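In what follows, a single structure is set out as structure tokens and then discussed.
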Amino acid sequence: MFKFIIVVFISFVALSAATNVKRCKNGQPFPLSVEVEGCTEPPCDVIKGTTAVMDVHFVGTKNDIRSLNAKVLATALGITVPYELPEDVADVCSNLLDGATCPIGKDEDVVYKFNFHVDSYYPEIPVAVQVSLNDENDESVACFICDIKVKKGAN
């Protein structure tokens with residue numbers, strides 16, 4: 001009974017820190033939770049020249065997922081463009097937490113640490129950032145949208 005209470009408490013703490021992100025429009029699987037560091041309610045402020053950190057908690061959608069790549073689309077002022085990630089960030093398998101590794105099995109519960117660098121040249125505008133974690137067949141395993149607001153840092 002005590003162990004059950006601890007698990008419920010840890011789950012509650014994890015959910016209370018989660019950021020309120022939106023589902024992707026094409027019906028891709030939704031992650032269990034997304035935690036944007038320092039933000040529970042979007043739009044999340046991100047500072048130019050820094051790295052926004054997101055923990056994406058998701059489950060495998062099929063057996064033997066050998067590779068996963070993060071793909072990002074940014075929508076601002078009605079225009080959607082792909083946002084190229086550095087290979088070391090886009091490679092989900094090399095950024096899994098708690099000792100998890102690929103291949104990922106069906107219903108396996110894992111967390112991807114996504115480090116999203118915000119270049120200093122970004123305009124200071126609201127942006128909808130769609131993040132999709134795609135397997136080796138380019139099928140989405142998890143997808144979410146987070147609204148951000150790019151801001152100038154203190155000089």
Side-chain angles (χ1 to χ4, degrees), residues 3-4 6-76 79-122 127-148 150:
K3 188 175 181 181
F4 173 75
I6 296 289
V7 169
V8 169
F9 176 75
I10 290 171
S11 297
F12 175 75
V13 170
L15 288 176
S16 66
T19 304
N20 189 18
V21 296
K22 298 182 277 190
R23 292 182 177 275
C24 292
K25 294 180 181 14
N26 293 331
Q28 299 98 318
F30 194 61
L32 296 174
S33 67
V34 175
E35 183 179 340
V36 179
E37 196 172 88
C39 178
T40 55
E41 195 59 44
C44 298
D45 292 341
V46 296
I47 308 302
K48 290 179 172 190
T50 67
T51 299
V53 178
M54 302 180 190
D55 287 348
V56 183
H57 189 180
F58 68 99
V59 295
T61 54
K62 61 185 178 184
N63 280 322
D64 205 30
I65 299 171
R66 296 196 172 278
S67 69
L68 283 170
N69 266 338
K71 293 191 176 184
V72 176
L73 296 175
T75 303
I79 300 169
T80 300
V81 295
Y83 180 81
E84 293 299 320
L85 297 171
E87 282 186 43
D88 62 321
V89 173
D91 181 5
V92 175
C93 293
S94 66
N95 291 289
L96 295 175
L97 298 179
D98 303 322
T101 60
C102 289
I104 296 171
K106 184 169 176 59
D107 299 326
E108 186 176 346
D109 185 334
V110 293
V111 179
Y112 163 54
K113 179 158 293 291
F114 176 48
N115 294 305
F116 183 75
H117 183 71
V118 183
D119 286 325
S120 57
Y121 61 81
Y122 284 175
V127 180
V129 176
Q130 177 178 301
V131 179
S132 183
L133 309 183
N134 294 4
D135 67 14
E136 58 272 10
N137 298 317
D138 206 30
E139 294 174 3
S140 182
V141 172
C143 187
F144 67 93
I145 299 170
C146 184
D147 293 324
I148 63 171
V150 178

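Both backbone and side-chain heavy atoms feed into the values below; hydrogens, waters and symmetry mates do not. Sequence positions, counted from 1, serve as the residue numbers for this chain. These figures come from a predicted structure and were not determined experimentally.
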query = side chain to side chain contact (heavy atoms under 4.5 Å, CB included) between L68 and I104: does it pass, once the steps are laid out?
reply = CA-CA 9 Å; L68 283 170; I104 296 171; 3.7 Å; yes

Heavy atoms of C146 and V36 approach each other most closely as SG-CG2, 4.0 Å

*Would you tell me whether C93 and C102 have their SG atoms within less than 2.5 Å of each other?*
yes

Heavy-atom nearest pair, N115 first then V89, reads O-CG1, 3.3 Å

Using a 3.5 Å distance criterion without hydrogens, assess whether the side chain of D119 forms a donor-acceptor pair with backbone atoms of Y122. no

Hits for side chain to side chain contact (heavy atoms under 4.5 Å, CB included) against C24, two or more places apart or cross-chain, chain-then-number order -> Q28, Q130, C143, I145

Between V56 and V34, the two heavy atoms sitting closest are CG1-CG2, 4.3 Å

Residues pairing under ring pair (Phe, Tyr, Trp, His ring centres under 6.0 Å) where one sits in residues 85-120, two or more places apart or in two chains, turn out to be Y83-F116, Y112-F114, F114-F116

(request) Determine, step by step, whether V111 and L96 satisfy the side chain to side chain contact (heavy atoms under 4.5 Å, CB included) criterion, reporting the C-alpha distance in whole Å, the side-chain angles of both residues, the deciding distance to 0.1 Å, and the verdict. (result) CA-CA 6 Å; V111 179; L96 295 175; over 6 Å; no

On a heavy-atom basis, the closest approach of I47 and V118 is O-CB, 3.7 Å

Minimum side-chain heavy-atom gap D64-P103 below 4.5 Å: yes

State whether the side chain of S132 and the backbone N or O of N134 hold a donor-acceptor pair below 3.5 Å, judged by distance alone.
no

Check: Going through the distances and angles, do V46 and T50 end up as a side chain to side chain contact (heavy atoms under 4.5 Å, CB included)?
Finding: CA-CA 8 Å; V46 296; T50 67; 5.5 Å; no

Set out, in order, the CA-CA distance, both residues' side-chain angles and the distance that settles side chain to side chain contact (heavy atoms under 4.5 Å, CB included) for M54 and F144, then state yes or no. CA-CA 12 Å; M54 302 180 190; F144 67 93; 4.0 Å; yes

Taken in chain and number order and not counting sequence neighbours, the residues that satisfy side chain to side chain contact (heavy atoms under 4.5 Å, CB included) with N63 are K106

On a heavy-atom basis, the closest approach of S140 and A142 is OG-O, 3.3 Å

Applying side-chain hydrogen bond (donor to acceptor under 3.5 Å, both in side chains) to N20 and not counting sequence neighbours gives E41

Give a yes or no on whether the backbone of R66 and the side-chain of E136 come within a donor-acceptor separation of less than 3.5 Å.
yes

Margin query: Testing the 3.5 Å rule here: is there a donor-acceptor pair between the side chains of T40 and T19?
Written below: no

Separation between CG (D135) and CG (N69), nearest 0.5 Å, reads 10.0 Å

Taken in chain and number order and not counting sequence neighbours, the residues that satisfy side-chain hydrogen bond (donor to acceptor under 3.5 Å, both in side chains) with E139 are K62

Just so I know, are the side chains of V110 and V59 near enough to count as touching, which here means a heavy-atom distance under 4.5 Å? no

Side chain to side chain contact (heavy atoms under 4.5 Å, CB included) filter on D88, not counting sequence neighbours, yields P86

Quiz item: Can you find a heavy atom in the side chain of V129 that is under 4.5 Å from one in the side chain of V72?
Solution: yes

Is the closest side-chain heavy-atom distance between D109 and L32 below 4.5 Å? yes

Item to check | Note, F30 side chain near K22 side chain (heavy atom, < 4.5 Å) | outcome: no

Should we count NZ of K71 as having more than 12 external heavy atoms under 6.0 Å? no

Side chain to side chain contact (heavy atoms under 4.5 Å, CB included) with T75: of T80, V127, D147, only one passes, and it is T80

In this structure, OG of S67 is separated from CG of D91 (nearest 0.5 Å) by 8.0 Å

